[in-house]
J.: 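I have a structure I would like to understand better, so I am pasting it below and will then ask my questions one at a time.
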Amino acid sequence: MSAHKSDFSLPEFLKRYSIHIYTGDPEGDRLLIEDELKEMRELGMIDKEEYMEALAALRAQRKTV
């Protein structure tokens, strides 16, 4: 049984992998983060669940801006 993590923090998740992205352009940052997430998934650094959760958090961020 998988519990939904409502307390998922994208900044903390990225920090865990020493990923720091700040270009001054919020949309550019989101695109770079999405690319990083895809690469992490392809390299097997994160599992599908983590990938999907991080993408959902990233997309939710887009809706609030």
Side-chain angles (χ1 to χ4, degrees):
M1 182 190 301
S2 176
H4 183 270
K5 293 182 181 180
S6 60
D7 60 343
F8 182 84
S9 168
L10 185 59
E12 287 298 317
F13 175 80
L14 296 173
K15 185 177 175 182
R16 184 172 11 142
Y17 293 97
S18 299
I19 297 173
H20 306 279
I21 296 176
Y22 179 76
T23 64
D25 172 25
E27 183 59 26
D29 290 350
R30 282 189 290 277
L31 291 172
L32 289 172
I33 291 169
E34 188 170 346
D35 286 345
E36 287 294 321
L37 292 172
K38 286 178 186 176
E39 188 170 338
M40 291 169 70
R41 178 66 185 125
E42 289 170 3
L43 293 172
M45 293 175 62
I46 59 176
D47 62 25
K48 184 178 179 179
E49 185 176 328
E50 286 179 303
Y51 175 69
M52 297 305 290
E53 200 164 24
L55 272 184
L58 186 62
R59 290 181 178 142
Q61 213 179 48
R62 181 177 293 150
K63 291 178 183 178
T64 63
V65 174

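These figures come from a predicted structure and were not determined experimentally. Only heavy atoms go into these numbers, but all of them, side chains included; no hydrogens, no water, no symmetry mates.
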J.: Search all heavy atoms of Leu10 against all heavy atoms of Ala57 and return the closest pair with its distance.
T.: CB-CB, 4.1 Å
J.: Among Leu37, Ile21, Ile19, Asp25, find the one that has a side chain to side chain contact (heavy atoms under 4.5 Å, CB included) with Leu32.
T.: Ile21
J.: Hey, is the main chain of Glu36 close enough, under 3.5 Å, to the side chain of Glu39 for a donor-acceptor pair?
T.: no
J.: Is the shortest heavy-atom distance from the side chain of Glu34 to the side chain of Leu55 under 4.5 Å?
T.: yes
J.: Given the rule that I, L, V, M, F, W and Y join up when any side-chain heavy atoms are under 4.5 Å apart, are Phe13 and Tyr22 in one cluster?
T.: no
J.: Can you tell me how far CG of Leu43 sits from NZ of Lys38, rounded to the nearest 0.5 angstrom?
T.: 14.0 Å
J.: I need the Tyr17 OH to Met45 CE distance, nearest 0.5 Å.
T.: 6.5 Å
J.: Would you indicate whether the side-chain heavy atoms of Arg62 and Glu27 approach each other to under 4.5 Å?
T.: yes
J.: For Ile46, does its backbone N or O pair with a side-chain atom of Arg41 as donor and acceptor, under 3.5 Å?
T.: yes
